[in-house]
Peer 1: 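This is the structure I want to talk about, given as structure tokens.
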Number of protein chains: 2
Amino acid sequence: MSSGATTSRSVCPVTYALEIFGDRWTLLVLRDLLLEGRSRFKDLLAANEGIATNVLADRLRRLERRGLLSKTRDPTDARQLVYAPTETAIGLVPMLVEMMIWSASQGQARVAPSFIARFEKDREALVTDLQAEIRARIGKPQL
Amino acid sequence: MSSGATTSRSVCPVTYALEIFGDRWTLLVLRDLLLEGRSRFKDLLAANEGIATNVLADRLRRLERRGLLSKTRDPTDARQLVYAPTETAIGLVPMLVEMMIWSASQGQARVAPSFIARFEKDREALVTDLQAEIRARIGKPQL
DNA sequence: CTGTATCCTTAGGGATACTG
DNA sequence: CAGTATCCCTAAGGATACAG
């Protein structure tokens with residue numbers, strides 16, 4: 001489980017994106033960090049039904065190196081580490097939203113109707129709101 | 001290289017999406033089909049630097065089974081097979097566009113400035129235009 | 001709690017030869 | 001051209017024990 005080199009320059013934007021989160025777990029971690037508000041190792045572990053500790057550690061390390069997340073100590077409890085998405089990661093929210101909406105349109109995944117309604121009414125506003133919520137949340141890295 | 005079962009119902013929309021194109025190649029094939037206008041086996045083979053014939057065949061088969069693409073014969077040349085994205089696949093264009101824009105924003109991938117300009121001016125229109133182009137192209141499955 | 005360190009297994013994928 | 005069929009091999013990932 002090497003932590004890899006800082007990979008080959010990709011010409012294609014799709015290839016580049018896949019280099020970062022084109023594997024089985026990374027995007028799920030990002031989802032939990034961004035949309036589920038999880039910020040602790042143990043919460044991330046519990047979330048993705050069955051990710052192994054070494055795999056999660058590896059993904060968090062890669063994401064940190066890529067500048068998608070930051071790792072700090074919880075000021076109220078120095079034993080606790082807190083992971084938070086950076087602005088770079090928050091920039092993925094539009095893509096995640098489109099992905100979720102597509103899945104919902106397939107009728108195979110459960111997406112809150114209120115979410116779909118907001119999307120249909122004003123996608124731009126939905127994305128902006130979600131991003132604002134994330135920034136507010138990590139402002140105070142509370143649980 | 002089994003062609004897999006028609007997979008487990010996913011609750012999470014991100015997980016569901018990843019089940020379909022969360023591997024190393026599928027999204028690249030989709031990119032070529034949707035944005036590069038490739039429609040023949042050989043063109044798809046040539047595109048993704050180095051995809052193996054068996055892997056490409058497998059991905060095309062899965063995508064067809066999932067209803068993301070259709071396979072027909074070229075009316076002008078019955079020996080030729082033509083792959084075309086379905087409306088389901090065309091529905092992925094918004095997500096692909098967001099992905100490309102994100103990569104471009106990272107400054108690591110080359111995306112045409114004109115594309116970025118169109119995106120910044122009117123994202124909605126860009127997506128609609130791209131989708132219209134795709135539908136026009138596959139209307140007559142020309143090369 | 002947040003990871004490392006191992007060990008082990010397997011699915012995914014590369015290469016290549018071959019076929020309708 | 002458009003695949004199929006093999007063979008092989010490695011990297012990714014599960015399980016688990018252990019450490020700071």
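Everything quoted here is computed from the prediction, not taken from an experiment. Lettering of chains follows the sequences in order, A, B, ..., and the numbering in each one begins at 1.
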Peer 1: Within less than 4.0 Å of OP1 or OP2 of D:dG13, is there a side-chain N or O belonging to A:Arg59?
Peer 2: yes

Peer 1: If you define the side chain from C-beta out and look only at heavy atoms, does anything of A:Leu27 sit under 4.5 Å from A:Met99?
Peer 2: yes

Peer 1: Rounding to an integer number of Å, can you tell me how far A:Trp25 CH2 sits from C:dA11 P?
Peer 2: 15 Å

Peer 1: If I take atom CG from residue B:Leu18 and atom CZ from residue A:Arg31, how far apart are they, to the nearest 0.5 angstrom?
Peer 2: 8.5 Å

Peer 1: Could you state the atom-to-atom distance from CG of B:Asp58 to C1' of D:dG3 in whole Å?
Peer 2: 12 Å

Peer 1: In this structure, how many angstroms lie between the C1' atom of D:dG14 and the CG atom of A:Asp23, rounded?
Peer 2: 15 Å

Peer 1: Between B:Arg40 and B:Tyr83, is there a side-chain heavy-atom distance shorter than 4.5 Å?
Peer 2: no

Peer 1: What's the closest nucleotide to the side chain of B:Tyr83 if the choices are D:dG3, C:dG13, C:dT4?
Peer 2: D:dG3

Peer 1: Round to a whole Å and report the spacing from CG of B:Leu56 to P of C:dG12.
Peer 2: 16 Å

Peer 1: Would A:Arg137 and A:Glu36 pass as an ion pair if we require N to O under 4.0 Å?
Peer 2: no

Peer 1: In whole angstroms, how far is the C1' atom of C:dG12 from the CG atom of A:Leu18?
Peer 2: 16 Å

Peer 1: Closer than 4.0 Å, any side-chain N/O of B:Arg61 to the OP1 or OP2 of D:dT4?
Peer 2: yes

Peer 1: To the nearest Å, how far apart are B:Leu28 CG and C:dG12 C1'?
Peer 2: 15 Å

Peer 1: Which of the following nucleotides, D:dA2, C:dC1, D:dT4, is nearest to the side chain of B:Leu81?
Peer 2: D:dA2

Peer 1: Go through C:dT4, C:dT2, D:dA2 for me and flag the one nearest to the A:Phe41 side chain.
Peer 2: C:dT2

Peer 1: Return the set of residues passing ring-ring contact (aromatic ring centres under 6.0 Å, His included) with B:Trp102 (not counting sequence neighbours), or none when no residue passes.
Peer 2: A:Phe21

Peer 1: Any side-chain heavy atom of A:Arg62 within less than 4.5 Å of one from A:Thr26?
Peer 2: no

Peer 1: Would you kindly give the CD-to-C1' distance between A:Gln80 and D:dG20, to the nearest whole Å?
Peer 2: 15 Å

Peer 1: Give me the distances for all protein-to-nucleotides 15-18 of chain D N/O pairs that come in under 3.5 Å?
Peer 2:
residue	atom	partner	partner atom	Å
D:dA15	N6	A:Asn54	ND2	2.7
D:dT16	O4	A:Thr53	OG1	3.4

Peer 1: Rounded off to whole Å, could you give me the CG-to-C1' distance for the B:Leu45 and D:dC1 pair?
Peer 2: 11 Å

Peer 1: Would you indicate, yes or no, if D:dG3 has its OP1 or OP2 atom less than 4.0 angstrom from a side-chain nitrogen or oxygen of B:Lys42?
Peer 2: no

Peer 1: Can you check whether A:Arg73 has a side-chain N or O nearer than 4.0 Å to OP1 or OP2 of C:dT2?
Peer 2: no

Peer 1: Within the structure provided, determine whether A:Cys12 and B:Met100 are in side-chain contact (heavy-atom separation under 4.5 Å).
Peer 2: no

Peer 1: Given D:dG14, is OP1 or OP2 found less than 4.0 Å from the side-chain N or O atoms of A:Arg24?
Peer 2: yes

